[in-house]
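Below is one structure, written out as structure tokens, with a few remarks after it.
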Amino acid sequence: MDRNAIPFLDLVTPHRELKEELVAVFECALDTAGFIGGPMVEDFEKSFARFCDAQHCFGVSSGTDALRFALIAGGVKQGDVVVTVPNTFIATAEAITQAGARPDFVDVDERTYNMDPEKLREYLQVQCSVDGSTGRLVNKRLGMPVVAVVPVHLYGQPTDMDPILDLAERHNLIVIEDACQAHGAEYFSKQQNRWIKAGSMGRAAAFSFYPGKNLGACGEAGAVTTNDGDIARKIRMLRDHGQAKKYYHDMEGYNGRLDSIQAGILRVKLGHLTAWNEKRRECDRRYQELLGSAHEVIKLPSEPSFAKAVYHLYVVRVQNRDHVQKHLAEANIGTGIHYPIPLHLQKAYSALGYTKGDFAVSERVAAEILSLPMYPGLTYGQQDRIAQQVLNFVCRETSLESSSSPSAHVASLATQDG
Ligand SMILES: *Cc1c(COP(=O)(O)O)cnc(C)c1O
């Protein structure tokens with residue numbers, strides 16, 4: 001393998017650096033044979049709740065389970081409609097379906113790639129009406145009650161929550177945040193005049209600790225955070241076969257617990273999360289320096305004034321995306337596409353009856369997005385090379401080459417900073 005290859009994601013280095021502490025977690029679990037639940041899980045839950053400014057945190061077996069449990073605990077059931085966005089990972093919609101409900105979509109904001117509150121307003125006011133006999137909000141086309149909204153803080157960018165929370169309150173909907181890519185992201189609420197952490201804004205929130213996430217386990221893991229006591233009580237039961245206490249089942253639940261080795265590992269890594277997120281933000285600033293002048297040919301992530309993003313992914317937009325990706329692959333630079341097909345056009349959801357053109361922004365964006373390498377250990381030197389390769393390609397394509405071209409700009413930055 002090329003020694004100079006730049007991987008899309010580096011999961012080896014952080015674990016090598018923390019190896020001793022991580023191995024100690026495993027030894028502790030062996031010595032006590034405490035594999036499921038126990039003090040390591042409780043310790044992590046307490047710490048992660050504090051990190052999110054949430055009252056409760058429950059470790060579960062994955063982000064998908066976290067979403068599903070949060071929806072069920074929030075009262076979503078068979079025959080309900082839950083609204084989310086088409087531009088997300090399929091797990092968001094899977095959790096809705098697994099809770100018995102039908103996913104429906106509103107389009108995203110072209111600037112943030114997250115739920116557009118105006119589209120939600122339009123959906124609730126135009127496509128829905130209040131049923132006179134039940135007083136419930138019903139989707140007119142589907143004839144089904146709309147009960148919940150799942151905004152997704154995609155790529156580590158917080159969704160514009162004030163208007164969404166306001167609409168939800170007015171229409172009596174519960175809000176479950178999909179914070180699976182947003183550990184530590186913050187949103188400035190004008191309503192409350194303060195910065196608020198992802199995971200403490202909705203009725204409940206779901207986190208994933210899949211290895212590649214900003215906080216990742218060495219296996220599968222997830223968590224639900226909430227400030228709602230009733231939801232907390234239900235999540236505790238849902239993840240553990242509906243048990244109120246051992247072998248007393250108040251409801252049917254799931255096998256969805258967090259195991260203690262993963263919890264111990266997450267507790268160790270949580271201590272580094274703030275610094276890691278800060279490094280990701282620094283990588284963003286560097287990409288902005290290197291690529292900002294080429295904004296006509298490459299659109300960088302924009303952080304609205306209400307957002308402090310944690311850049312789980314670094315998603316740029318280019319024409320000719322597939323060619324740019326191929327060019328970078330040939331230069332041994334790994335990239336990704338998150339996500340190439342919006343959910344409403346996935347084969348898995350063909351039965352829902354959507355067609356091309358239903359969510360124009362998501363569709364347009366899906367054809368142009370490209371995720372560049374982004375992780376705390378990414379170096380300036382690597383970013384210089386990535387930027388140089390991107391600019392070589394896009395400038396050649398658009399014959400922007402001149403002495404003041406963006407690629408000359410990168411070369412000059414690179415020599416300044418070594
Ligand atoms: C990763 C992810 C999930 C699912 O998490 P798992 O732990 O893989 O089940 C859900 N939603 C989004 C947006 C994600 O990125």
Residue pair Arg286, Glu289: steps toward the salt bridge (Lys or Arg N to Asp or Glu O under 4.0 Å) verdict: CA-CA 5 Å; Arg286 184 60 175 174; Glu289 276 172 13; 2.9 Å; yes

Donor-acceptor pair between Ser62 and Glu220 side chains, under 3.5 angstrom: no

Expected output: side-chain Ser61 to main-chain Leu258 donor-acceptor under 3.5 Å: no

Lys234 and Met251: CA distance, side-chain angles, deciding distance, side-chain contact (heavy atoms from CB on, under 4.5 Å) verdict: CA-CA 9 Å; Lys234 286 182 181 147; Met251 55 158 85; 4.2 Å; yes

ring-ring contact (aromatic ring centres under 6.0 Å, His included) assessment of Tyr375 paired with Phe8: CA-CA 9 Å; Tyr375 37 91; Phe8 175 62; 8.0 Å; no

N/O donor-acceptor pair under 3.5 Å between Lys279 side chain and Gly377 backbone: no

Check: Thr159 side chain, Val152 main-chain N or O, donor-acceptor pair, under 3.5 Å: yes

Derivation of the side chain to side chain donor-acceptor pair (under 3.5 Å) call for Asp104 and Tyr123: CA-CA 10 Å; Asp104 204 0; Tyr123 176 92; 2.8 Å; yes

Criterion side-chain contact (heavy atoms from CB on, under 4.5 Å) on Leu18 and Val25, from CA distance to verdict: CA-CA 11 Å; Leu18 298 174; Val25 167; over 6 Å; no

Donor-acceptor contact below 3.5 Å, side chain Asn114 vs main chain Leu154: yes

Note, Ile337 side chain near Arg321 side chain (heavy atom, < 4.5 Å): yes

Over 12 non-hydrogen atoms of neighbours within 6.0 angstrom of NZ in Lys119: yes

Heavy atoms of other groups near Phe35 CZ, more than 12 under 6.0 Å: yes

Beyond-backbone contact of Gln181 with Gln157, side-chain heavy atoms, under 4.5 angstrom: no

Asp384 side chain reached by Leu290 side chain, heavy atoms, under 4.5 Å: yes

Donor-acceptor pair, side chain of Glu177 and main chain of Gly199, under 3.5 angstrom: yes

Student check: side-chain heavy atoms of Ile235 and Thr226 closer than 4.5 Å: no

Parallel, tilted or perpendicular, as decided by the 30° and 60° cut-offs, for the rings of Tyr339 and Phe89: tilted

Over 12 foreign heavy atoms within 6.0 Å of CD, Gln125: yes

Candidate pair Ser362 and Asp107, rule side chain to side chain donor-acceptor pair (under 3.5 Å), full reasoning: CA-CA 6 Å; Ser362 293; Asp107 214 342; 2.7 Å; yes

Within the 6.0 Å centroid threshold, strictly below: Phe188 and Phe306: no

Closest contact, heavy atoms only, Ala73 versus Ile231: CB-CG2, 4.0 Å

Any Glu368 side-chain heavy atom under 4.5 Å of Val318 side chain: no

Centroid-centroid under 6.0 Å between Phe207 and Phe48 rings: yes

Trace of the side-chain contact (heavy atoms from CB on, under 4.5 Å) decision for Val83 with Leu120: CA-CA 9 Å; Val83 183; Leu120 179 65; 4.1 Å; yes

is_close_aromatic(Phe69, Phe58), centroid dist under 6.0 Å: no

Flag for Tyr187-Asp160: side-chain donor and acceptor within less than 3.5 Å: yes

Thr13 side chain to Asp10 side chain, donor-acceptor N/O pair below 3.5 angstrom: yes

Val146 backbone acceptor or donor facing Asn139 side chain under 3.5 Å: no

Note: Asp284-Arg280 ion pair, threshold 4.0 Å (strictly below): no

Note, Phe209 side chain near Lys269 side chain (heavy atom, < 4.5 Å): no

Close side-chain approach of Phe44 and Leu270, heavy atoms under 4.5 Å: yes

Exam field: side chain Gln288 to backbone Pro301, donor-acceptor pair closer than 3.5 Å: yes

Ring geometry between Tyr247 and His249 (parallel below 30°, tilted from 30 to 60°, perpendicular above 60°): tilted

Carboxylate-amine/guanidinium proximity below 4.0 Å for Glu110 and Arg317: yes

Atom NZ of Lys347: over 12 foreign heavy atoms under 6.0 Å: no

Tyr287/Tyr314 aromatic ring centres below 6.0 Å: yes

Side chain His344, main chain Asp358, donor-acceptor under 3.5 Å: no

Check ion pair Arg285-Glu278 (N to O, under 4.0 angstrom): yes

Basic-acidic side-chain contact under 4.0 Å: Asp166, Arg170: yes

Under 3.5 Å donor-acceptor, Asp240 side chain and Gln243 backbone: no

Gln382 (side chain) donor-acceptor with Thr379 (main chain) under 3.5 angstrom: yes

Flag if over 12 foreign heavy atoms under 6.0 Å of CG, Asp230: yes

Validation row: Arg239, Tyr254 side chains within 4.5 angstrom (heavy atoms): no

Verdict with reasoning, Lys46 to Cys57, per side-chain contact (heavy atoms from CB on, under 4.5 Å): CA-CA 7 Å; Lys46 245 185 238 150; Cys57 167; over 6 Å; no

